[in-house]
Amino acid sequence: PVPEPIACSATIERDPLGGRWSWQVLGLASGEELDATRHPEAVRDLGRLLAQLHALPVEGWGALEDRAEAIRGVASTPTEGLLSRWGRQWPYDGRALLAHPVARHAPNLIGALGELREPLLRYAEASAQVGVCHTDLYGRHALVQNGRLAALMDFGDAAIVPVAFDLASFAYYYAAHRGWGALDTLLEGYEPRRVMRDVREAETYQLLVVLALQKV
């Protein structure tokens, strides 16, 4: 469930902005903001939607090219793809952890974070499972009507990155401060196989660290 597309700069012959910006006009989407504790069925709906989104055929990595006929990233390597979406992002940007602001504000975390460096770098390998991800699952981007997901909006930051980044984005905004049961509910909709749910949950917790450091 997404707002109905009406027109965009990649699909019309006469662009009133002359190519200066990419633009899109969508139909009106209505509903209340998703509350992961009050709307468990909508959370499962979101999990099912993300699974379908992540299964779409894609090419390349990173932020998306402005085109209508394919879902293609602007980057030629997974690392460049991650940085095309988030810019400076440890450990993919080559910075030492001691150069990150967390070293000044929470030096007690350096040891544990350092141990995560090698596992996290595996997400930038060509063999890592990637898909087109929304990457920004917060607030009114997910709307609910009658307890079910009515619309997922604002794909302007969509990117081809490891699929667990969407799960981590959800966890950051909906679960970390409101109870981890919301992540379990999302995964129920996302992955019917228990073993694979456990795998995705582990990936989510790892990439959640990356997103949290990016917010810092």
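Excluded from the calculations below are hydrogen atoms, water molecules and symmetry mates; all remaining heavy atoms, backbone and side chain alike, are included.
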- Glu59, CD: over 12 other non-hydrogen atoms inside 6.0 angstrom: yes
- State whether the number of non-hydrogen atoms from other residues, nucleotides or ligands found under 6.0 Å of Asn146 atom CG is greater than 12. no
Of all the heavy-atom pairs spanning [X] and [Y], show the shortest one and how long it is.
| X | Y | value |
| --- | --- | --- |
| Ser76 | Glu80 | OG-OE1, 3.0 Å |
| Thr79 | Ala124 | OG1-CB, 3.4 Å |
| Pro91 | Leu120 | CG-CB, 3.9 Å |
| Phe170 | Ala36 | CZ-CB, 4.4 Å |
| Tyr174 | Tyr138 | OH-C, 3.8 Å |
| Gly31 | Arg140 | O-NH2, 3.4 Å |

Can a side-chain donor-acceptor contact be found between [Y] and [X] if the only test is distance below 3.5 angstrom?
| X | Y | value |
| --- | --- | --- |
| Gln214 | Arg85 | no |
| Tyr123 | Gln206 | yes |
| Gln24 | Ser9 | no |

Any side-chain heavy atom of [X] sitting closer than 4.5 Å to one from [Y]?
| X | Y | value |
| --- | --- | --- |
| Asp136 | Tyr173 | yes |
| Gln89 | Leu213 | no |
| Trp90 | Val102 | no |
| Glu41 | Thr185 | no |
| Glu203 | Val199 | yes |
| Leu26 | Ile6 | no |
| Ser30 | Gln145 | yes |

- Message: Would you say the rings of Trp180 and Tyr205 are close, in the sense that their centroids are separated by under 6.0 Å?
- Response: yes
- Message: Tell me whether Arg197 is salt-bridged to Glu191, with the criterion being a basic N under 4.0 Å from an acidic carboxylate O.
- Response: no
- Message: Do the side chains of Arg122 and Glu125 get close enough for a salt bridge, i.e. N-O under 4.0 angstrom?
- Response: no
Mind checking whether [X] and [Y] sit in one hydrophobic cluster, side chains of I, L, V, M, F, W, Y counted as touching below 4.5 Å?
| X | Y | result |
| --- | --- | --- |
| Leu49 | Ile71 | yes |
| Leu53 | Val161 | no |
| Leu183 | Leu208 | yes |
| Met196 | Leu50 | no |
| Val163 | Leu83 | no |

Whether [X] side chain and [Y] backbone form a donor-acceptor pair below 3.5 Å:
| X | Y | result |
| --- | --- | --- |
| His134 | Met153 | yes |
| Ser84 | Gly81 | yes |
| Thr204 | Leu167 | no |
| Arg72 | Gly60 | no |
| His54 | Cys133 | no |
| Asp45 | Leu149 | yes |

Just how far is it from atom [atom1] of [X] to atom [atom2] of [Y], taken to the nearest 0.5 Å?
| X | Y | atom1 | atom2 | value |
| --- | --- | --- | --- | --- |
| Leu82 | Ile160 | CG | CD1 | 11.5 Å |
| Arg194 | Leu187 | CZ | CG | 8.5 Å |
| Leu46 | Tyr190 | CG | OH | 11.0 Å |
| His141 | Thr135 | NE2 | OG1 | 9.5 Å |
| Leu152 | Leu143 | CG | CG | 9.0 Å |
| Arg95 | His100 | CZ | NE2 | 5.0 Å |

- Pick out which of Val74, Asp157, Val132 makes a side chain to side chain contact (heavy atoms under 4.5 Å, CB included) with Leu64. Val132
- Task: Give the C-alpha distance, both sets of side-chain angles, the deciding distance and a yes or no for side chain to side chain contact (heavy atoms under 4.5 Å, CB included) between Arg148 and His39.
- Result: CA-CA 7 Å; Arg148 304 301 296 267; His39 305 132; over 6 Å; no
